[in-house]
Every structure is written in C-alpha cells, then in structure tokens.
Amino acid sequence: MEETGGASAYGASLAGGGFDFHKFIRQPQTIVRFLSWLFSIVVFGCITAEGYVNSLHSSEAKCIFNQNDSACQYASSIGVIAFLACAVFLLLDAYLPLMSNAQDRKYAVMADLGFSGAWTFLWFVCFCLLASQWGRTHDISGIPEDAARATVAFSFFSIATWGILGYFAYIRYRRGVDDVAVPTYEEPKMDHSPYPPTYAPTSYTPTAYNPTPYAPTTYSTYPTSGPDVYQQPPFTTSGDTKEDLGYQPPNY
C-alpha cells in the first residue's frame, strides 16, 4: 500500500499503519496478483481434471499433450506452486503496512521481486513446452481440446501477470531504497582556494649588512628639592668627644 504523507519505506509509513481493506482490494498489484492466482487454478485444474486420458489401444492414462507426461507434470507443478505463492504474497501485501521495521519490509519486497521474476521465466517455459507438445499431437480423438487450449492460453496469460507483479515489486524496491537512504556528508565547497594553484619561488638576492651608528641616550639629572645638608648622627657619646678634644700630640 502506498503512503503519501510522512516518512515511508517500501510502500507504507515507517511508524506502521492500519489496514484499509477497500483500498487494498483496489490496488493494481492486488488485482494482478488475484488474476495470477485464478490463472494458476485454471492451469493445474485443467490438467488435474482432464489432462490425462486413456487411449483406444491402452488402459493407461496418458497426458493429452502428445502423451508427454513430463509436460503435464511440469505445468501442474508450476500452477500449484504459483497458487500457493499468490496466497502467501496476498497476505504479505496486507500485512506490509503493519510492519514498523524497514528492514523487514525490504526482505518482503525482495522476496516478491525474486519470486515474480523466477515464475515469469518458468511460465514462459511452460507455455513454450505445452504449445510445442500440443502442436505435435495428431490423434485428438477422445481428447478434451478445450481443456488443452485453456491450459496453453492461461499459461501465456500468467507470463504477463507475473511479469507485471515483478515490475510492481521492482518499483516498490527502488522507491523504498530512495525513501530510507541515509544522506551522505558532503564537504562544503570553498569559493577560493587558500593556496595558489602553482607555487613559483622567487629568486633570493642577498643584501649587504649596513649597521646604523648607535647614539647613546643621555638622561637628565634627577632634580633635588633642597640643599644637600649633612646631618650628624643622633647617637654619639660625650666621652669620646672629650678624649678627642683633650688629646695633644707630643712635641719632640
């Protein structure tokens, strides 16, 4: 079932949705699958009911397609398996919107795609085999021709219906891959390159060293606020002073 709003994957919302029966039966995929189911019933039903007849000269039942039992067995087997597969995939299509896991949906769609492609080829082989054997059948006395022609015709119709189912499955697979694809990081493009495209080194020309004469800087004297007056230390002893004053060098 296709969902138009919100994030979706392989035909349904990622969060899981409800089942709408009226919408489900109107889907083209459901209609074509139901037709494939009916065609398979016709093929194996005709062969099972009227595919084997007794000849006039033998009591053993033989296949109506040129008395080739392998042709009848092959067509009957393909029809029975197609009948069962259609029933399974119809249930799977109904259950697909209820799946919340995108990986499970991917496996379901891939199984549908692979089986539809394989059964398209097998129905083609069945049609070619039955048409060839029916063209070689010359004695048609006692053979139900309508059943033989119906088997060949509905084998051909099954080729178309299973091919359409394969196409629908492929569309769902491609759409699902696009819906759940994780965007990759792309480094932003710069308007300009930080480096020049080509680097061409310039030629080096040595120059003579010419030192400049050094002129010493002169500093002005620190200004004083007053005259430089020496002050006597406050702590002096009176005894030492007297001795100095009373000492007289001797006269010789």
Within this structure, what is the [atom1]-[atom2] distance for the pair [X] and [Y], rounded to the nearest 0.5 Å?
| X | Y | atom1 | atom2 | result |
| --- | --- | --- | --- | --- |
| F124 | L129 | CZ | CG | 11.5 Å |
| T30 | L35 | OG1 | CG | 11.0 Å |
| R105 | L92 | CZ | CG | 11.5 Å |
| S76 | I81 | OG | CD1 | 9.5 Å |

Side-chain donor-acceptor pairs of residues 62-73 under 3.5 Å, sequence neighbours excluded:
{"residue": "N66", "atom": "ND2", "partner": "Q133", "partner atom": "OE1", "Å": "3.3"}
{"residue": "N68", "atom": "OD1", "partner": "S70", "partner atom": "N", "Å": "3.1"}
{"residue": "D69", "atom": "OD1", "partner": "C63", "partner atom": "N", "Å": "3.1"}

Contacts under 3.5 angstrom, residues 139-146 side chains, donor-acceptor by atom type, not counting sequence neighbours:
{"residue": "D139", "atom": "OD1", "partner": "S141", "partner atom": "N", "Å": "3.3"}
{"residue": "D139", "atom": "OD1", "partner": "S141", "partner atom": "OG", "Å": "2.7"}
{"residue": "E145", "atom": "OE1", "partner": "R149", "partner atom": "NH1", "Å": "3.1"}
{"residue": "E145", "atom": "OE1", "partner": "R149", "partner atom": "NH2", "Å": "3.0"}

Show me the donor-acceptor pairs, under 3.5 Å and distance only, between side chains in residues 150-163 and residues at least two apart or in other chains.
{"residue": "T151", "atom": "OG1", "partner": "A147", "partner atom": "O", "Å": "2.7"}
{"residue": "S155", "atom": "OG", "partner": "T151", "partner atom": "O", "Å": "2.7"}
{"residue": "S158", "atom": "OG", "partner": "F154", "partner atom": "O", "Å": "2.8"}
{"residue": "T161", "atom": "OG1", "partner": "S36", "partner atom": "OG", "Å": "3.0"}
{"residue": "T161", "atom": "OG1", "partner": "F157", "partner atom": "O", "Å": "3.4"}
{"residue": "T161", "atom": "OG1", "partner": "S158", "partner atom": "O", "Å": "3.1"}

Task: Sub-4.5 Å side-chain heavy-atom contact between F89 and F115 - done: yes

TODO: Report yes if some heavy atom in the side chain of Y74 is under 4.5 Å from a heavy atom in the side chain of L122; otherwise report no.
DONE: yes

- [ ] Tell me, please, which residues at least two apart from Y95 pass side chain to side chain donor-acceptor pair (under 3.5 Å).
- [x] none

According to a hydrophobic-cluster definition based on side-chain heavy atoms being under 4.5 Å apart (Ile, Leu, Val, Met, Phe, Trp, Tyr only), do [X] and [Y] belong together?
| X | Y | result |
| --- | --- | --- |
| F127 | V125 | yes |
| F34 | F44 | yes |
| Y107 | L113 | no |
| I78 | V88 | no |

- [ ] Could you note down all residue pairs passing salt bridge (charged side-chain N to carboxylate O under 4.0 Å, His left out) where residues 31-43 supplies at least one of them, sequence neighbours left out?
- [x] R33-D93, R33-D112

Task: Sidechain-backbone polar pair: R26 side chain, H22 backbone, donor-acceptor under 3.5 Å - done: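 Checking the backbone N and O of H22 against the side chain of R26, a donor-acceptor pair under 3.5 Å is found.
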
- [ ] Report yes or no: does S132 contribute a side-chain atom to a donor-acceptor pair with the main-chain N or O of C128 at less than 3.5 Å?
- [x]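 Pair absent, no side-chain N/O of S132 close to backbone of C128.
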
- [ ] Locate the shortest heavy-atom distance separating M110 from Y173; write the atom from each residue and the value.
- [x]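 Closest heavy-atom pair between M110 and Y173: CG-CE1, 3.7 Å.
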
Task: Closest non-hydrogen atom pair, G79 against S40 - done: O-CB, 3.4 Å

Open item on the list: Please list all pairs meeting side chain to side chain donor-acceptor pair (under 3.5 Å) that have one or both residues in residues 42-53, counting only residues at least two apart or in different chains.
Closed with: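 Checked against side chain to side chain donor-acceptor pair (under 3.5 Å) - neighbours excluded - no pair reaches residues 42-53.
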
